[in-house]
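What you see is a predicted model; the values in this text were computed from it and never measured. For the single chain, residues carry numbers from 1 onward in sequence order.
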Amino acid sequence: MHRPRFHKDMLSLSPHVKSISLLFFVYVLGWAMVEAVVPIYISQKFGTYTSVGLFVAALEFFALFWALLLGPILDKLEKRRVITATLILYVPFSPLFLSLSTLLQFVFFRIYHSAIATALWLTSDAYLREHSSKNKESHAIGLFDFSVGAAQVIGGLIGAVIVVYLGFNIIYAVSFFAFVAMIVSFFIPDHSRKQNFASLIRKFHFSNVKKEFQDFFGNNEAGKLLFFHVPYVLSKAILPMIIPLFVSYISGSLSLACIVTALFYAPMMFESVFSTSSKPARTLTLACGAAIILYLVLFFTTNVAIM
């Protein structure tokens, strides 16, 4: 496995890759500050953990449909403009979120949230692929994931301090950093294809969605990867929700929930090392084994704490 020297292999990448990595570092900072706070806010507002599960699941559920509908369209638009537009739609996120009062309102809010989140992440992934140098794709993903991981850790630790003074109002950090990221997006270089959005909507047909499925399942390697990816995502989606709720359950503070959640994301900062592995299948297998051990440790730790 090649171990990249960060200053040489990562920072020598194209300005496009560094720009999108910087933008997402800024954007994710806001989410990192509030990620541990949101599940606790929902559970306290509605008094049940089920409401938290519904809120979390609704985002991914609606994102499935948005990804199928938006994927064929977003790929043909200028990526920088789409990123800027979605970040503009994120600016009113926090005041809207804090104004919601019923679970049904939260579900409808998730439809809006899932649309802009899907558009933002799909477009950024496409931008990263289009502007990665040949044979440097894994390095580009490594730098991007490092930026996201660093933002998760730094933002979580900053949130642990600020939440003492702001309480649940720290959720305004999402809108604030989305606005800053929008400013950063104006300076991202982009040479991707430009087509008219309205004309793409008129040309859209559900056969495009069918073709997406055919293209994916026609790729044998992608199908094999799915067997690794689905169980991993299923399990990973639980932890960011469970960790802060468990901290709250044992009477831990919001600050402690932020710190523990930040530490959960610390391994992401080392993804640049694994992104250049010469044996990715072995790396995936070892990662899955390590995840199983982690879950066993968490299971016994939480049971001891509850007792």
Side-chain angles (χ1 to χ4, degrees), residues 24 27-28 30-74 82-83 85-125 148 151-152 155-156 159 168-175 177-178 181 206 209 212-213 226 229-249 254 257-258 261 264-265:
F24 267 80
Y27 165 73
V28 173
W31 277 107
M33 290 182 188
V34 309
E35 184 159 5
V37 175
V38 169
I40 298 173
Y41 174 79
I42 299 293
S43 67
Q44 290 189 9
K45 193 173 186 67
F46 296 104
T48 66
Y49 292 149
T50 303
S51 60
V52 183
L54 289 173
F55 179 76
V56 172
L59 177 67
E60 305 302 333
F61 176 77
F62 292 118
L64 288 173
F65 298 98
W66 286 120
L68 292 172
L69 295 173
L70 295 176
I73 297 174
L74 294 175
V82 175
I83 290 170
T86 53
L87 289 170
I88 291 173
L89 292 173
Y90 260 113
V91 172
F93 181 95
S94 298
L96 283 174
F97 179 84
L98 290 170
S99 69
L100 302 175
S101 58
T102 68
L103 191 57
L104 184 61
Q105 288 176 350
F106 274 98
V107 171
F108 280 113
F109 178 79
R110 277 308 221 188
I111 298 175
Y112 148 75
H113 182 195
S114 63
I116 57 177
T118 302
L120 180 62
W121 285 94
L122 282 180
T123 306
S124 65
D125 286 345
V148 172
Q152 289 281 8
F168 288 127
N169 283 327
I170 196 175
I171 292 172
Y172 280 104
V174 174
S175 289
F177 282 96
F206 281 100
V209 176
E212 292 285 313
F213 276 102
L226 203 61
H229 191 63
V230 171
Y232 166 73
V233 173
L234 281 172
S235 59
K236 178 178 176 291
I238 297 171
L239 286 178
M241 176 182 70
I242 293 297
I243 289 173
L245 290 177
F246 179 71
V247 172
S248 177
Y249 176 79
L254 289 176
C258 290
T261 303
F264 168 73
Y265 286 103

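Rounding to the nearest 0.5 angstrom, the gap separating the CD atom in Gln105 from the CZ atom in Phe97 is 12.0 Å. His113 contributes atom NE2, which lies 3.5 Å from atom OH of Tyr90 (distance to the nearest 0.5 angstrom). A distance of 8.0 Å separates CD1 in Ile42 from CG in Leu100, rounded to the nearest 0.5 Å. A distance of 5.0 Å separates CD1 of Ile171 from CG of Leu98, quoted to the nearest 0.5 Å. Note that CZ of Phe46 and CG of Leu103 are 5.0 Å apart. Values are rounded to the nearest 0.5 Å.
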Between Phe108 and Phe62, does a side-chain contact (heavy atoms from CB on, under 4.5 Å) hold up when you go through it step by step?
CA-CA 10 Å; Phe108 280 113; Phe62 292 118; over 6 Å; no
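Annotation: side chain of Tyr265 is in contact with side chain of Glu35 (closest heavy-atom distance under 4.5 Å). Between Pro95 and Ser175, some side-chain heavy-atom pair lies under the 4.5 Å cut-off. Proximity of Asn169 to Tyr172: side-chain heavy atoms (C-beta onward) are separated by under 4.5 Å at one or more points. Taking 4.5 Å as the limit, some side-chain heavy atom of Gln44 sits within range of a side-chain heavy atom of Phe168.
Contact between Ile83 and Ser124 at its shortest, heavy atoms only, is CD1-CA, 4.4 Å. When every heavy atom of Ser43 is checked against every heavy atom of Ile40, the shortest pair comes out as OG-O, 2.9 Å. Annotation for Met33 and Ala173: closest pair SD-CB, 3.9 Å, computed over non-hydrogen atoms. Closest of all the heavy-atom pairs between Thr86 and Leu120 is OG1-CD1, 3.3 Å. Of all non-hydrogen atoms in Thr118 and Ala63, the two that sit nearest each other are OG1-CB, 3.5 Å.
Annotation: Phe24 is in aromatic contact with Tyr27 [ring centroid separation under 6.0 Å]. The aromatic ring centres of Trp31 and Phe93 sit less than 6.0 Å apart. Aromatic pair Tyr112/Phe109: centroids less than 6.0 angstrom apart.
Side chain of Ser99 to main chain of Leu96: a donor-acceptor pair is present (N/O by atom type, distance under 3.5 Å, no hydrogens or angles). At distances below 3.5 Å, at least one donor-acceptor pair connects side-chain atoms of Ser114 with backbone N or O atoms of Ile111.
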Show every donor-acceptor pair shorter than 3.5 Å between a side-chain atom in residues 51-61 and any protein atom, with sequence neighbours excluded, or say none if there are none.
residue, atom, partner, partner atom, Å
Ser51, OG, Thr48, O, 2.7
Ser51, OG, Thr48, OG1, 3.3

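For CH2 of Trp66, the number of neighbouring non-hydrogen atoms (other residues, nucleotides, ligands) closer than 6.0 Å is 12 at most.
Exactly one residue among Ser248, Pro244, Pro240 makes a side chain to side chain contact (heavy atoms under 4.5 Å, CB included) with Pro39. That residue is Pro244.
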